[in-house]
Chemist: 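Just passing along the structure, written as structure tokens.
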Amino acid sequence: MKKMKKILALALAGAMVLSFAACGSKDETAKDSSSKETITFGTNAEFPPFEYVTSSGTIGEFDGIDMAIAKQIGDDMGKEAKINNMEFDSLLLALDNGQVDAVIAGMTVTDERKESYDFSTPYYTATQVMIVKEDSDIQKASDMKDKKIVVIQGYTGETCVQDLGYEYEAFKKGTEAVMELVNGKCDVVVIDSATAEKFVGDNEGLKIVEDPDTFEAEEYAIAVKKGNTELLNEINASIQKMLDNGTVSELSAKYLDVDTEEDASGSDAE
Ligand code: GLN
């Protein structure tokens with residue numbers, strides 16, 4: 001018995017030495033496994049079908065059109081694409097302080113954003129739309145005037161409603177905004193078209209109202225720090241390839257079709 005204990009103790013000691021040794025070589029191991037350099041993309045994974053959290057996504061738990069594009073950009077650059085998920089409002093600041101190399105977040109190129117950041121070749125065209133209850137009398141943007149409007153903070157939808165001069169309430173997440181509508185606490189949510197389609201598909205009794213005279217076309221592109229031409233060129237080469245060989249259209253069709261209900265709402269619809 002004593003002998004047994006001794007053997008066990010020795011084995012334990014041996015294991016500890018081994019694990020210390022493993023600790024000692026941790027740096028090297030880390031270098032080995034990531035000998036592939038990384039490119040870190042900032043996103044806000046609250047925006048299906050472009051980015052959302054799921055059990056097994058394209059990059060870790062993150063999936064969607066943008067995540068597949070980010071992964072391909074990484075592959076094309078010979079780098080491992082990583083995702084840093086944060087609030088939409090923090091994304092461009094994260095570029096400033098070097099937390100992320102690029103932002104991919106269904107982000108619309110606007111003149112204001114272009115003043116401080118560089119944008120890639122656009123890869124998707126969208127527009128703002130209105131999500132309303134099926135029996136709503138809202139038919140065009142001006143019908144929102146005296147209605148309770150909800151937008152998502154920092155999205156171009158907020159700017160659009162501001163420009164119209166209407167009062168609104170801003171939420172941090174699209175899912176929260178849509179829940180307000182489902183629960184009858186607001187009359188309309190202004191949000192990007194493809195994401196609206198997802199939310200309407202995931203919730204009963206809602207419909208989309210478009211008003212192309214009021215809401216202009218918006219182009220999504222990847223943002224990098226101003227002057228980071230080297231990275232921008234590599235990103236652009238990769239995007240151009242994906243536009244030319246049909247990857248972007250395939251991804252759009254695929255993810256518009258994927259049921260992201262659980263991922264988008266974080267709970268069952270019932
Ligand atoms: N396209 C909108 C914007 O750029 C919303 C993007 C998003 O929520 N991820 O503001």
Side-chain angles (χ1 to χ4, degrees), residues 41-54 57-59 62-70 83-95 100 102-131 141 149-164 168-180 188-200 202 208 210-212 214-224 239 248 251-252 255-256 260 263-266:
F41 289 92
T43 201
N44 171 238
E46 299 282 349
F47 198 63
F50 293 91
E51 39 268 331
Y52 54 93
V53 173
T54 184
T58 305
I59 306 178
F62 304 105
D63 211 355
I65 301 169
D66 284 348
M67 300 299 98
I69 290 177
I83 296 300
N84 191 341
N85 187 25
M86 62 186 81
E87 281 181 7
F88 188 78
D89 261 356
S90 311
L91 285 168
L92 292 174
L93 292 174
L95 268 183
V100 301
V103 167
I104 184 158
M107 184 173 275
T108 305
V109 186
T110 65
D111 288 342
E112 198 190 334
R113 290 172 182 163
K114 263 201 308 201
E115 274 175 28
S116 312
Y117 305 92
D118 284 342
F119 281 90
S120 70
T121 307
Y123 57 87
Y124 193 88
T125 305
T127 184
Q128 297 301 306
V129 298
M130 296 167 281
I131 310 181
I149 308 171
V150 161
V151 300
I152 297 83
Q153 196 175 308
Y155 284 24
T156 36
E158 180 175 16
T159 322
C160 286
V161 176
Q162 262 167 5
D163 290 349
L164 288 167
Y168 63 84
E169 195 179 347
F171 281 76
K172 281 207 185 285
K173 295 180 178 182
T175 43
E176 290 171 358
V178 170
M179 275 309 123
E180 284 286 293
V188 52
V189 174
V190 179
I191 194 167
D192 299 51
S193 40
T195 306
E197 263 183 61
K198 274 287 175 199
F199 286 147
V200 167
D202 291 348
I208 290 175
E210 296 175 30
D211 185 349
T214 305
F215 302 120
E216 291 170 4
E218 298 185 12
E219 292 193 308
Y220 294 171
I222 297 172
V224 299
I239 290 185
V248 173
L251 288 173
S252 307
Y255 281 102
L256 266 169
T260 54
D263 312 300
S265 63

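Just so you know, ligand 1 is whichever comes first in the structure, and atom 1 is the first atom listed for that ligand. Quick note: numbers below take in every heavy atom, side chains included, and nothing from hydrogens, waters or symmetry partners. Treat the numbers as computed from the prediction; the structure is a model and nothing was measured.
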Chemist: I want to know if ligand 1 touches Phe47 in the polar sense, i.e. an N/O pair below 3.5 angstrom.
Modeler: no
Chemist: Between Asn85 (side chain only) and Ala45 (backbone N and O only), is there a donor and an acceptor less than 3.5 Å apart?
Modeler: yes
Chemist: Considering the heavy atoms of Thr108, write down every atom of ligand 1 situated less than 4.0 Å from one of them.
Modeler: 1 (N), 2 (C), 3 (C), 4 (O)
Chemist: Tell me the nearest of Thr156, Val103, Ile104 to atom 3 (C) of ligand 1, using heavy-atom distances.
Modeler: Thr156
Chemist: Just say parallel, tilted or perpendicular for the rings of Tyr155 and Phe47, cut-offs at 30° and 60°.
Modeler: perpendicular
Chemist: Keeping the roles fixed (side chain from Lys198, backbone from Leu256), state whether a donor-acceptor pair exists under 3.5 Å.
Modeler: yes
Chemist: Checking the N or O distance criterion of under 3.5 Å, is ligand 1 in contact with Ala105?
Modeler: yes
Chemist: Students should be able to answer this: which protein heavy-atom is nearest to atom 8 (O) of ligand 1, and at what distance?
Modeler: Tyr155 CZ, 2.5 Å
Chemist: May I ask you to check whether Gln128 has an N/O atom sitting below 3.5 Å from an N/O atom of ligand 1?
Modeler: no
Chemist: Considering residues, nucleotides and ligands other than Glu180, do more than 12 of their heavy atoms fall under 6.0 Å from its CD?
Modeler: yes
Chemist: Out of Glu218, Gln153, Arg113, Glu51, indicate the one that has the non-hydrogen atom closest to atom 4 (O) of ligand 1.
Modeler: Arg113
Chemist: Any luck finding a side-chain donor-acceptor pair between Asp66 and Tyr124 under 3.5 Å?
Modeler: no
Chemist: Given Ile191, Asp192, Val151, which has its nearest heavy atom closest to atom 1 (N) of ligand 1?
Modeler: Asp192
Chemist: Examine the proximity of ligand 1 to Tyr220 and report which part, side chain or backbone, both or neither, has a heavy atom under 4.0 Å away.
Modeler: side chain
Chemist: One pair to check against side-chain contact (heavy atoms from CB on, under 4.5 Å): Val178 and Lys173. What are the steps and the verdict?
Modeler: CA-CA 9 Å; Val178 170; Lys173 295 180 178 182; over 6 Å; no
Chemist: Within the 3.5 Å criterion, strictly below it, is a donor on Tyr220 or Asp192 matched to an acceptor on the partner's side chain?
Modeler: yes
Chemist: Distance alone, cut at 3.5 Å: any donor-acceptor contact between the side chains of Glu210 and Thr127?
Modeler: no
Chemist: At what distance is the nearest protein heavy atom to atom 6 (C) of ligand 1, and which residue and atom is it?
Modeler: Gly106 O, 3.2 Å
Chemist: Hey, which atoms in ligand 1 end up nearer than 4.0 Å to a heavy atom of Phe88?
Modeler: 3 (C), 4 (O), 6 (C), 7 (C), 8 (O), 9 (N), 10 (O)
